[in-house]
Structures are given as C-alpha cells and as structure tokens.
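To keep things clear, I will list the structure first and then write my remarks on it.
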Amino acid sequence: MIEIRGLQKAFGAVGVLRGIDLDIADGEVVALIGRSGCGKTTLLRCINFLETYEAGEIRLDGQPLWYRTGADGVRRRMGDAEARRMRQQMGIVFQQYNLFPHMTVLDNVVLGPRFSQGVSALEAEALGRRLLARVGLEGKMSAYPAQLSGGQQQRVAIARALAMRPKVLLLDEITSALDPELVGEVEDVIRSLLSDRIMLVLVTHAVGFAREIAHRIAYIADGAIAELGKPAEVLDRPKDPGLKEFLRRVRS
Amino acid sequence: MGFARWAAIYGPTYATGLAWTAATALAAAGGAIAWGCVLLLIRLSAGRWGALGVDGYVQLFRNTPVLLPIYLIYFAFPMIGLPWPAVVCGALALILQNGAYISEILRGSVNAIDRVQFDAARSLGLAPWNTFRKIVLPQVLVYSIPALGNQTVLLLKDTSLLSAISITELTMQAKLLTEQTGAAYEAFIVVALLYLLLVSGTEVVFRASHRAVRWR
C-alpha cells in the first residue's frame, strides 16, 4: 500500500501541493480529478520522484520513499542508487507516451528489466513478448514507435511500465493526447489490469472512465484534496461547490 | 605517352599516396568520433568542472591551427621518451582537434532529444551510464550524421598537412613527383581529382548511412 502524509510542493514561490494526505490500499484504483493546474499531475510525479517535494512523507509497503531524516533532524534526499531501486517498484505511463523513438517496440519494453533489473536477455525478451501480446501488439514487436498510431504507442508504454513488475501503476492522463476513436483500445487495456489487483493511480479528465474503474475518486483543488470518496458519492452527490462547478463543465 | 605507360610509371606513387591518405583519414575519423563521444560524456556527467574542462579543451583546439599539434606531437613526444611513428603522431593530432569539434556537434544534437524521454528513462530506474549508452548516444549520433559527414570531409582534407611530417600521403607524393619531373600542373591536378574522389566517397557513405536509419 501507499501512504502519503502532508505532501507539500512549490514551484518557486507558488505552492502547488499544500499538504496532501492519501492512502492507497493494495489492489485499489484511485482516480485524481480536478481542473488543469490543480496539482494532480504534480502529485502523481511526486509519488515516483520525477518531482522533488519540500515536505511530507510517502511510504510504499511501509518503506519510506525518496527522503530520509537523519539523527540530526535534517531531511536529505535518498541516494540515487537507492532511489532507482525504489522507483523500479512503480510504473508510470505518460500523456505523450514518451517511448524511445530509436528502439523497436520490443526493445522499449525490454529495456527496463534488462538494464535496470539485470534480467537476462532471454528472459526479458520472453516477458516483453508476453506483455506485448497482452496489450494486443504481438504483430508490432519490431516496429518503431513512429510507425504506430497514438493508441498503439500508448499500449506499448503500458507494456513498458508493466515490464518492471510494479506494485503500483501511475497513469498520467494517458488518453488525453489520443484521437477519440483510439481512446477505447487504451481504456480496454487498463480494464484488463483490474484483475491483477495492482494499485492504479490515474490522473484523468475522463470522469466516466474514472467512475467505472476507480474504487475512490479524489477531487483536487488548489493543491489539496477537496473531496475524496466512492465514485457515486463524489460524482453524484458532490458537496464542494468547486467540484459541482467542475462536474457541470466536464459533463456539458 | 599512352595512358598505360603513364599509369605504369606513376601509378604506384599515386596509389601509395591514396592509400596513406585514406588510411589515416579513416583511422583519424573513427578515433575523432569516439573521442568526441568521450568528451560529450564528460561534459554531461562530470558536473560543472567537467563541463568547464571540456570547454577549455574545445577552445584550445578550436583556436589553434591543426599544424601546431601535429608538429608538437611529432617533435616533442620523442623528447619525453615517446618516439612514435609519424603517422601515429599525425593521426593523434587530427583526432585531438576533430574530437573537439565533434563533441560540440554532438552536444548540439543532445538538444534534439525530447526531454520527456529522460522522465521515461528515470521512471524505468535506468542508471546514468545506461541512459547515456542506450538513450542519448544512439540518437545523438544519428541526428549528427550530416554534420559528422562535413567534419570528416574537413578532416580528410587536413590529412594533407601530414606531408609536413614526412608522411607520403597524396599531397606529399604530388610534391615529390613535381620535384622529380618538373611538371607541377600534372601531379597536382591528378591529386586534386583523387581528393575529389575520396571526398565524394565519404559523402556517399554518410548520406547512405543517414538514409539507412529506419526509425526516423
């Protein structure tokens, strides 16, 4: 499970996250919604330390992540090697896929296991083939990212993240850059992950999809969780006036 | 004098020159690209002092004529107990200077890599060395192929300076033939055509390799 306590982050003088507390249980799916600029993507990027943060704690299965407070009370970044090891327990999928353009689809997927986790070439390739088959791309193993549609590239990115055998998968607006007719194929892949009981944290504007797959939805406003609960509570009986307004806009 | 007779008399001299020019250019170009990659790695990984060191190195070689390191290595290294063959000294000087230029070419291409790829590399837990080796270098080299082609052509022509340290490359052979026969125009025109041949060949190779990259 993931425990987030008092997470604070600022870009310069601008506070982006103002004390986030959130627990994610094993196998739980949590959707983060909110207006652009509310801090939901920053929160996601803090969880796997693509962003630094100034205060607060994140724990994964009880292990404190990213920062250590020494006996002298000074908070220090975890060593790079240790941070890399911790990061391998998490996968992230980005809005713009972020595939490596000079590598084939299979090489993209194999890279992490092979060179971060020291899995043998043979084993990594078998894993890559299995995952690509799972996302429906067994026929595209030796294609390059530029030869694929956005939906296919995003499915490769999901396979690449899964190849690390992560405990949690972070999804950062993964369908926002896609043509509408390609959204479904990516959402189908995410649905198929639900039976794995892997933790999923997704930042999304697709409220309908969030309602369908999330166990809980967090509405974030001004860098804080303004409302948190089951989809039916948050989406159908919103209390926060900002959330009511937000839902009116995304639905119209 | 018929062509067959001309070729029988002078052919071996030109062929020797062509071989030396091609061999030193090939070795020096390979060495310079490798050295440029090393300089790029130092610049990207060794912090502020590493970058400053590479800057100083690049300035030093960019602002001095290449004949200087050629002479320096050829005449000074024996004094410190390194009496290397002339061709090794010459190639080394070309590698040191062109490596400086090439490291700048590669540095420019680093900016062509979308920054988000570094997020992806970090999220996979890739160590800096693997990120450089698997992500940065392959893309940087491919983006740099046209500029590397230009630099290789310049290097190829600079091998003529190695005549100054007694290497019997093309320019040296032309000079020797002129002294033997007194016919200056003939030897230098033939040598010019041979350089043209080498340069065109180089350009064809670089253009073909750029086209051969499938992922672009």
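Numbered from 1 within each chain, the chains take letters A, B, ... in sequence-line order.
The distance from the CD1 atom of A/Ile20 to the CD1 atom of A/Ile4 is 8.0 Å, given to the nearest 0.5 Å. Rounding to the nearest 0.5 Å places CG of B/Leu137 at 7.5 Å from CG of B/Leu106.
Both the backbone and the side chain of A/Phe115 come within contact range of chain B, each with at least one heavy atom under 4.5 Å from a heavy atom of that chain. With a threshold of 4.5 angstrom between heavy atoms, A/Met103 approaches chain B through side-chain atoms but not through N, CA, C or O. Neither the backbone nor the side chain of A/Leu170 comes within less than 4.5 Å of any heavy atom of chain B.
With a 4.5 Å cut-off on side-chain heavy atoms, B/Leu198 and B/Leu170 count as touching. In this structure, A/Leu17 and A/Gln8 have side chains that are not in contact, with every pair of non-hydrogen atoms separated by 4.5 Å or more.
Of the listed residues A/Ala161, A/Ala146, A/Ala157, A/Pro101, the one with more heavy-atom pairs under 4.5 angstrom with chain B than any other is A/Pro101.
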- Message: One pair to check against side chain to side chain contact (heavy atoms under 4.5 Å, CB included): A/Asp23 and A/Ile2. What are the steps and the verdict?
- Response: CA-CA 6 Å; A/Asp23 284 356; A/Ile2 293 178; over 6 Å; no
- Item | Residue pair A/Arg155, A/Leu131: steps toward the side chain to side chain contact (heavy atoms under 4.5 Å, CB included) verdict | CA-CA 10 Å; A/Arg155 286 187 277 153; A/Leu131 286 170; over 6 Å; no
- Task: Apply side chain to side chain contact (heavy atoms under 4.5 Å, CB included) to B/Val199 and B/Leu156, showing your working.
- Result: CA-CA 7 Å; B/Val199 168; B/Leu156 174 64; 3.6 Å; yes
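Judged by distance alone, with hydrogens and angles left aside, the side-chain atoms of A/Glu54 form a donor-acceptor pair with the main-chain N or O of A/Ala10 at under 3.5 Å. Panel note: side chain A/Tyr67, backbone A/Tyr53; a donor-acceptor pair is recorded below 3.5 Å.
Below 4.5 Å, heavy atoms of chain B meet no heavy atom from residues 25-34 of chain A.
Residue pairs meeting the ring pair (Phe, Tyr, Trp, His ring centres under 6.0 Å) criterion with at least one partner in residues 147-173 of chain A, sequence neighbours excluded, are absent. Residue pairs meeting the salt bridge (charged side-chain N to carboxylate O under 4.0 Å, His left out) criterion with at least one partner in residues 119-128 of chain A, sequence neighbours excluded, are A/Glu125-A/Arg129.
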Short donor-acceptor contacts under 3.5 Å linking chain A with chain B:
| unit_1 | atom_1 | unit_2 | atom_2 | d |
| --- | --- | --- | --- | --- |
| A/Arg45 | NH1 | B/Asp119 | OD2 | 3.0 |
| A/Arg45 | NH2 | B/Asp119 | OD2 | 3.1 |
| A/Phe49 | O | B/Arg122 | NH2 | 3.3 |
| A/Asn98 | ND2 | B/Val116 | O | 3.2 |
| A/His102 | ND1 | B/Gln139 | NE2 | 3.3 |
| A/His102 | NE2 | B/Lys134 | O | 2.7 |
| A/Phe115 | O | B/Asn130 | ND2 | 3.2 |
| A/Ser116 | OG | B/Leu124 | O | 2.7 |
| A/Ser116 | OG | B/Gly125 | O | 3.1 |
| A/Ser116 | OG | B/Leu126 | N | 3.3 |

